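Small disclaimer: the values here were computed from a predicted structure and weren't measured. Worth knowing before you read on, the calculation uses all heavy atoms, side chains too, and leaves out hydrogens, waters and symmetry mates.
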There are 2 protein chains.
Amino acid sequence: MNTRLHDPFKTAFDSLDEFADLISQVLMCPITIEDANHRLLAYSTHDERTDPARISTIIGRRVPEKVINQLWKEGTIPALLKTQDPIRVKNMNDIGLNHRVAISIWKQDEVIGFIWAIEIDKLLTEEDFILLKKAADAAKNKLLQLQTRKNKKEERSQEFFWKLLTGHLKTTEEIVDHFHSLQITPPASFAVLVFQFQENISNKVEQSISYLLKTNQRIKITLYTIDCNQLILLVSATNLESPFNDLDQFAKYFVLQMRERYGIKGIKPGYSSIFEDHQKTNKAYKESLSVLSIKEKFPLDTNDIFNYQKLGIYQILDMILEKRQTDAYENYSLKRLHEYDEKHNSNLIETLEVFLNKDNNINDAAKELNVHANTLNYRLKRITEIGEVNFKDPNQKMVLYLDLKLEKYQRI
Amino acid sequence: MNTRLHDPFKTAFDSLDEFADLISQVLMCPITIEDANHRLLAYSTHDERTDPARISTIIGRRVPEKVINQLWKEGTIPALLKTQDPIRVKNMNDIGLNHRVAISIWKQDEVIGFIWAIEIDKLLTEEDFILLKKAADAAKNKLLQLQTRKNKKEERSQEFFWKLLTGHLKTTEEIVDHFHSLQITPPASFAVLVFQFQENISNKVEQSISYLLKTNQRIKITLYTIDCNQLILLVSATNLESPFNDLDQFAKYFVLQMRERYGIKGIKPGYSSIFEDHQKTNKAYKESLSVLSIKEKFPLDTNDIFNYQKLGIYQILDMILEKRQTDAYENYSLKRLHEYDEKHNSNLIETLEVFLNKDNNINDAAKELNVHANTLNYRLKRITEIGEVNFKDPNQKMVLYLDLKLEKYQRI
DNA sequence: GAACGTTTTGTGAAAATCTCCAAAAAGAAT
DNA sequence: ATTCTTTTTGGAGATTTTCACAAAACGTTC
């Protein structure tokens, strides 16, 4: 027993799995080893007793997202990131978690992994805690090896990604070959997703990002890189039927988590259409940037839009503005309505805009304007008279809508 | 009596009015003299008896439009344009016309005016007819004088108009001065209206045009000129409240009459927005031409549109097309819908287009598609699923509409 | 042709929208 | 102050639209 307390882990071992079994034997409980992003690195097979959370972790080769979220909310992970000591986690039946003890594995001042010990039928003692700490220290070197191997691969990936983004790779075969040489299956369909941060992305923030991306299970992130204040991702949806939905959800999720977990605010997502041909990565990248630049120009109207497709009319608004300016065009209807508003200080223009925004829905628009539906009806009648507009004509309505938005844009 | 039959009109007279009185005395009935466009040139005051049609003619200094229309329909004017002999017109109480006799005044093979004799209490005899013929002959020279004077003025007007259209006159004062020197009051607001003919406009057609324009009383035509197959007008609406309405009506009226009266088909009208500043005549002209060129590109969709304002989205469609082509943009939703149509040979795309054309009106669209309203509803639901569209978002709908039209355009 | 999924059509009830009228309120004009 | 016009609001009733459900028709696949 004395030797055991001394340091039972100072022996040579080939694989992390072997090492996990060793810990398991020493502490007499199931052991799981994860990297910093909660990907499964190894697990003990010696002890067959386990809990549902561990099973899903092993099956999926990563800790389930809901478990991670719970551990963040409840404070375990933040604690593990602060201290080098073991942390005890209480039973959480709703996510299938038994009592367990966790410890983080450190390389200098950075966490590079975790060891989990599940307390099946006995709780670990103070002594065990000391042993666990020694185990964590012993695991460090093995993990570092894995990391450097990964880093090299990542560097090559990054270079390849930039070539894709800038359109340097001309043929589809060349691109697919590159993917394979990096041992990545090229996604059947993809989009480029860019998160724009308020400030340049520091190394520290980069780690948080990396963590969030790796733990995400909503969408597949094939490649990612960082450019000043932009995080650029090559992503593909797991659900092929409604990819936009998935992407939207992920974008919102990412922004939310960055704010809640790390206090980083003001991240703006923008993503491209979905493409099948990898040669179009460059185009996809441009679309994403275009989304971001348009979101800057029309922040209010495009607040909930992240996707180039969903930008709708805003895709082409600045181009139209340019033409309208060179043509010195003036919308006659809007002009008359403005004149009327001026003269009678009414607000027909505002009324019109809300009505069009609300997709011609009288009730919704009336609610937003805080007037009676009949009032709105009356105003609309006046608008058709004064502006000589026909609301049954989608054509005319569109131009009104466009010109309204343009006016607004010009005023700013 | 003998001398009277010989030629009572071979005397000198100063004005046409004097001459009208002379005829009136000889034939013992009220006399009116008009130019080829039914503008009043002179009328007898000797005889006080008259009829409502004559009164309005004198008051308005032109024959009322409904009277002219009636005389065309009923054949009097066509007859007068064919023969040099007097024509008798029957009583037409509904338009206030008594019995009367008319004769056309000729210069070579062209009618340059008319003389009207109203048969108040006695019908004109054969003898009177011969006298009338002599009167017409005598009136000819006087009318010619008037015409040449007018022609000179018209030439100067034409030159001025072209300067306006091409934007050669820089300051508004300069333009207003020009107007005044031509004894024209510059209209407070105006539009440029262009009729495009299928063939170059011959002199003969020009006469018909001139006639139609001069007899029109719906809108004020300040200036007009002809350029190859285009008739260009500077017009202003008499009704300031709904100028577009007036202009639309006139455009349709002109096209109709040219076809019905002269058998000239395929005339396409196009007119600009309404402007107040005469420096913008050039812009107005460009807008009109733009309408015509767009009508050529989208003949079906823009068939009932003559006005730049009402062109709606078509104003900017070719510009958008250009951008979409350089961007190699592809609408994801439409792509998926097309694929679905292809695979299941359905017609979701057509359904979508009709639905959008009909301004989201299920019933109207269903009628046009010859399906049950529920069928349409079902299809729309499928469209939102397959194309990942949200029909409550006016933005998305607009882009769909635009891209649909663009596709259609590209296919042609 | 049986089995299956997709599409079309029909029905009816609930919800909404529209139409019309009238009264009140607010502004403008005299 | 009063008249007149314009605007807002309310409500009742008619009309439309929407929605869910079910049956029938159609197409594909085995």
**Student:** Side chain of B:Y340 only, please: which of C:dC18, D:dT18, C:dT7 is the nearest?
**Tutor:**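 The listed nucleotide nearest to B:Y340's side chain is C:dT7.
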**Student:** Measure NZ/B:K343 against C1'/D:dT28 and give the value in whole Å, please.
**Tutor:**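 It works out to 13 Å between those atoms.
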**Student:** What is the distance from CG of B:L369 to C1' of C:dT9, rounded to the nearest Å?
**Tutor:**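 Interatomic distance, CG of B:L369 to C1' of C:dT9: 15 Å.
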**Student:** Taking any heavy-atom pair under 4.0 Å as a contact, classify B:N377: base, sugar-phosphate, or nothing.
**Tutor:**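 Contact class for B:N377: none.
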**Student:** Suppose we screen for side-chain hydrogen bond (donor to acceptor under 3.5 Å, both in side chains). Which residues come up paired with B:R62, at least two apart in sequence or across chains?
**Tutor:**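 side-chain hydrogen bond (donor to acceptor under 3.5 Å, both in side chains) list for B:R62, sorted by chain: empty.
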**Student:** Which whole-number value in Å describes the distance from B:D359 CG to D:dT16 C1'?
**Tutor:**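 The answer, rounded to whole Å, is 16 Å.
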**Student:** Does a side-chain N or O from B:Y378 land closer than 4.0 Å to OP1 or OP2 of C:dT8, or not?
**Tutor:**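 B:Y378 to C:dT8 OP1/OP2: no side-chain N or O under 4.0 Å.
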**Student:** Would you say D:dG10 has OP1 or OP2 under 4.0 Å from some side-chain N or O of A:H372?
**Tutor:**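 Looking at the OP1 and OP2 atoms of D:dG10, one of them is under 4.0 Å from a side-chain N or O of A:H372.
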**Student:** C:dA26 C1' sits how many Å from A:N345 CG, rounded?
**Tutor:**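 Value for this atom pair: 11 Å.
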**Student:** Kindly confirm or rule out a cation-pi arrangement of A:K405 over A:Y401, judged by NZ or CZ under 6.0 Å from the six-membered ring centre and within 45° of its axis?
**Tutor:**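 Checked: cation-pi criterion met.
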**Student:** D:dC26 C1' sits how many Å from B:H344 NE2, rounded?
**Tutor:**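 My rounded result for the distance is 13 Å.
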**Student:** Could you tell me whether the phosphate oxygens of C:dA16, OP1 or OP2, come under 4.0 Å of any side-chain nitrogen or oxygen in A:N363?
**Tutor:**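 Checking A:N363 against C:dA16: no side-chain N or O falls below 4.0 Å of OP1 or OP2.
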**Student:** Can you find a donor-acceptor pair, distance only, under 3.5 Å between B:N361 side chain and D:dT17 base?
**Tutor:**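 No, no donor-acceptor pair under 3.5 Å.
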**Student:** Tell me whether the OP1 or OP2 atom of C:dT7 has a side-chain N or O from B:R382 closer than 4.0 Å.
**Tutor:**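 The answer is yes; a side-chain N or O of B:R382 sits under 4.0 Å from OP1 or OP2.
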**Student:** Can you tell me how the ring of A:F190 sits relative to the ring of A:H278, calling it parallel under 30°, perpendicular over 60° and tilted otherwise?
**Tutor:**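 Answer is parallel, since the angle falls under 30°.
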**Student:** Measure CD/B:E350 against P/C:dT7 and give the value in whole Å, please.
**Tutor:**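 Computing the B:E350:CD to C:dT7:P distance gives 16 Å.
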**Student:** Looking at A:R379, I'd like to know whether one of its side-chain N or O atoms comes within less than 4.0 Å of OP1 or OP2 on D:dT7.
**Tutor:**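 False: A:R379 side-chain N/O out of range (4.0 Å or more) of D:dT7 OP1/OP2.
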**Student:** Among residues at least two apart in sequence or on other chains, which ones pass salt bridge (charged side-chain N to carboxylate O under 4.0 Å, His left out) with A:E330?
**Tutor:**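 Listed in chain order: nothing, the list is empty.
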**Student:** Considering only NZ, NE, NH1 and NH2 on the basic side and carboxylate oxygens on the acidic side, decide whether A:E385 and A:R382 come within less than 4.0 Å.
**Tutor:**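 So A:E385 pairs with A:R382 through a salt bridge.
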**Student:** Taking only the side-chain heavy atoms of B:T375 (C-beta and beyond), determine which of C:dT9, C:dT6, C:dT19 contains the nearest atom.
**Tutor:**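 Nearest nucleotide to the side chain: C:dT9.
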**Student:** Between C:dA24 atom C1' and A:N374 atom CG, what is the distance in whole Å?
**Tutor:**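 Going from CG in A:N374 over to C1' in C:dA24 covers 14 Å.
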**Student:** Could you tell me the separation between the NZ atom of A:K381 and the C1' atom of C:dC20, rounded to a whole number of Å?
**Tutor:**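 It is 11 Å, rounded to the nearest whole Å.
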